[in-house]
Each structure stands twice: as C-alpha cells, then as structure tokens.
Number of protein chains: 2
Amino acid sequence: MTDTSPYAAHGGDGVLFAADCPSRPILDQIADKWSMMALSVLQQPTRFNEIKRRLSGVTQRVLTQTLRRLERNGMITRRVIPTSPIGVEYALTPLGESLVEPFGELYDWTIAHADIVREAQGDYDARSAG
Amino acid sequence: MTDTSPYAAHGGDGVLFAADCPSRPILDQIADKWSMMALSVLQQPTRFNEIKRRLSGVTQRVLTQTLRRLERNGMITRRVIPTSPIGVEYALTPLGESLVEPFGELYDWTIAHADIVREAQGDYDARSAG
DNA sequence: CGGAATCCTGCCTGATACTG
DNA sequence: CAGTATCAGGCAGGATTCCG
C-alpha cells in the first residue's frame with residue numbers, strides 16, 4: 001500500500017483516531033454490537049422478526065434504528081413484501097458483504113478466546129473482592 | 001471445516017448469536033467504538049491523558065469505564081508510576097494484542113470505504129428529503 | 001408482521017470541584 | 001496526573017400501545 005494519507009494504514013504511528021481521521025464518523029455508525037450482529041445475521045436475507053429473534057435481547061425500537069442506520073450507510077437493503085400481513089426482508093449490499101469479513105474475524109476471535117476472557121474476569125473480580 | 005461446536009465458525013448456518021452463543025457476553029464487553037479505539041491506541045503503552053487526547057470526544061468518565069472494563073477482561077494492564085505527580089500507564093496484554101488484529105482490519109475497512117459510505121448517506125438523505 | 005408513537009426512567013454528558 | 005464526586009439537563013433506551 002502506497003501511503004497517500006496519514007491514515008492509510010492501521011498501526012505503527014501515532015495519528016490513529018485523530019479528530020479528523022476519516023475512520024471516526026464511520027466507526028460511530030457501525031462499531032456497536034447490534035450493528036455487527038445484524039450484519040452477520042444478514043449474510044442471508046432475513047425478515048424483521050427473524051432478525052429480532054436471532055439478536056436476543058434487542059428491542060424492536062433499537063433494532064429498527066440499527067437497521068435504518070445500516071440502510072442509510074448503504075450496507076443493507078430493505079424490501080417490502082406485499083403479502084398480508086406485510087413482510088419486510090433485509091439483505092446485504094455488496095458494501096455490507098465486504099464488512100462481513102472484518103466482523104467475522106472479530107466473531108471468530110470471541111469464540112476462540114471466550115474461556116480466557118471469562119477466566120480473566122474471575123481473576124479480576126476475586127482480586128477486587130479480596 | 002470440522003465443526004466441533006455449533007459456534008465454531010462464522011457464517012454459513014443459522015445459529016449465529018443464539019441466546020447462549022459464547023460470543024454474546026464478550027461482544028457486550030468489547031464491541032463498542034471506544035474499546036476498539038482504546039485498544040488500537042494502546043499498541044504502544046500510553047498514559048491516561050494521552051489516550052484521552054487521542055480519542056477526541058470521549059469524556060474522562062467513559063474512558064475510565066472503558067479502560068476498567070478492558071482491564072477486567074484481561075486485555076490491558078494498568079501500571080501506576082510512583083512519580084509526582086503520579087502517572088498511570090496502560091498497555092496491552094498478549095490477549096489484548098491478539099484483539100488488535102481483528103480491530104485493525106475493521107479500521108482499515110473504514111479507511112478504504114469512507115467515500116462510498118459518505119456517498120450512500122448522501123443518496124439516502126436526498127431520497128428521504130425528496 | 002413491521003413499525004410508529006407515546007411515556008417514562010435512567011444513564012450519559014459536561015462542567016466543576018476535590019483528593020492522593 | 002489520574003482519577004472520584006457531584007449536579008444539571010438531555011437524550012437514549014425499555015415497555016407498552018396502536019396502526020396499515
């Protein structure tokens with residue numbers, strides 16, 4: 001990669017996340033757990049309530065906001081199915097598909113390190129209590 | 001791919017993010033922008049106020065909470081430097097270092113797609129207004 | 001079914017002051 | 001310096017209800 005901007009590469013230098021770094025406004029939009037989980041679920045087109053069931057714990061209000069935001073950012077599409085009762089199916093755009101990869105690696109990381117993290121939590125809590 | 005657990009791999013099937021998926025409690029802890037930015041900044045050991053300056057926009061309250069949470073999850077260490085005035089330096093643990101990779105890919109994604117996302121936002125807003 | 005509207009609570013923000 | 005404490009005000013999120 002031929003660095004054309006101070007933000008071209010991650011790691012190494014100290015300009016990471018400066019106030020004007022172009023990563024900031026985007027991270028504000030997508031770097032939250034519900035966005036990540038929704039994107040992952042949408043690897044196959046899915047309807048609203050099905051997404052809601054998968055993301056157990058999310059409220060319909062927050063899920064709606066999340067899907068709207070993802071749609072506005074060009075990551076998913078919203079298609080109304082004129083049945084009765086009505087259906088709405090969400091699906092990834094090519095842009096959204098390209099995001100699944102980084103998110104997937106993060107997902108895989110959590111699976112791989114779940115035990116270690118739980119252990120660390122136990123240690124910390126024991127130290128705090130003692 | 002030899003799936004040993006229903007959660008062994010990302011993508012493909014439909015069990016993603018079931019209520020008992022071990023990814024959930026961890027994502028709750030780390031899948032937020034401040035955690036991600038803090039971890040990235042801490043690729044080199046950094047003191048509190050320096051981190052705060054890098055993560056422009058964060059309040060000291062939220063940053064403290066974020067660092068505590070990362071420390072509890074075994075991702076960073078907190079070292080008090082007995083100078084006067086006192087100093088506190090945060091640094092990555094090996095666990096935290098292993099997280100930098102996935103986060104870095106996400107960071108690189110935002111840099112690479114910043115323009116496309118901005119364009120999508122403009123389109124969406126224009127459609128909404130029209 | 002999908003979502004908008006409503007109300008209500010509570011945490012976050014932002015500012016400021018205080019401690020070791 | 002690195003927090004904790006406090007308080008005002010605002011906005012996010014939960015629960016519920018209603019509509020196409």
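Rounded to 10 degrees, the angle separating the terminal helix axes of the helix from C:dC1-D:dG20 to C:dC12-D:dG9, each built from five base pairs, is 30°.
Note on B:Tyr90: every side-chain N or O is 4.0 Å or more away from OP1 and OP2 of D:dC1. OP1 or OP2 of D:dA2 has at least one side-chain nitrogen or oxygen of B:Arg47 nearer than 4.0 Å.
Here chain A contacts DNA chain C (any atom closer than 4.0 Å to a heavy atom, that is under 4.0 Å), and the contacts span C:dC1 to C:dT6 from 5' to 3'.
Nucleotides C:dA17 and D:dG10 place their C1' atoms 22 Å apart, quoted to the nearest Å. Separation of the C1' atoms belonging to D:dA8 and C:dT19 is 23 Å when rounded to the nearest angstrom.
Nearest approach of A:Trp34 to A:Gly57, heavy atoms of both residues: CH2-C, 3.9 Å.
The closest side-chain donor-acceptor pair between B:Asp125 and B:Ser128, if any, does not fall under 3.5 angstrom.
Interface residues of residues 60-87 of chain A facing DNA chain D, ordered by number: A:Gln60, A:Arg61, A:Val62, A:Gln65; criterion, heavy-atom separation under 4.0 Å.
Within the 3.5 Å criterion, the main-chain N or O of B:Ala31 finds no donor-acceptor partner in the side chain of B:Ser35. Looking only at distances, a side-chain donor or acceptor of B:Ser98 sits under 3.5 Å from a matching main-chain atom of B:Leu95. In this structure, B:Thr93 contributes its side chain and B:Met75 its backbone to a donor-acceptor pair below 3.5 Å. Checked by atom type and distance alone, the side chain of A:Arg24 pairs as donor or acceptor with a backbone atom of B:Ser56 at under 3.5 Å. Side chain of B:Arg54 to backbone of B:Val41: no donor-acceptor contact under 3.5 angstrom is found. With hydrogens and angles ignored, the 3.5 Å screen pairs no side-chain donor or acceptor of B:Thr46 with any backbone N or O of B:Leu42. A donor-acceptor pair is defined here as one N or O able to donate and one able to accept, closer than 3.5 Å; no such pair exists between the side chain of A:Arg47 and the backbone of A:Tyr90.
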Test A:Leu99 against B:Leu106 for side chain to side chain contact (heavy atoms under 4.5 Å, CB included), laying out the working first. CA-CA 8 Å; A:Leu99 232 192; B:Leu106 192 52; 3.6 Å; yes
Criterion side chain to side chain contact (heavy atoms under 4.5 Å, CB included) on B:Lys33 and A:Asp28, from CA distance to verdict: CA-CA 7 Å; B:Lys33 60 178 180 179; A:Asp28 289 345; 2.8 Å; yes
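As a whole-Å value, the separation of A:Lys33 NZ from D:dA12 C1' is 14 Å. Atom NZ in A:Lys52 sits roughly 11 Å away from atom C1' in D:dG14 (whole-Å rounding).
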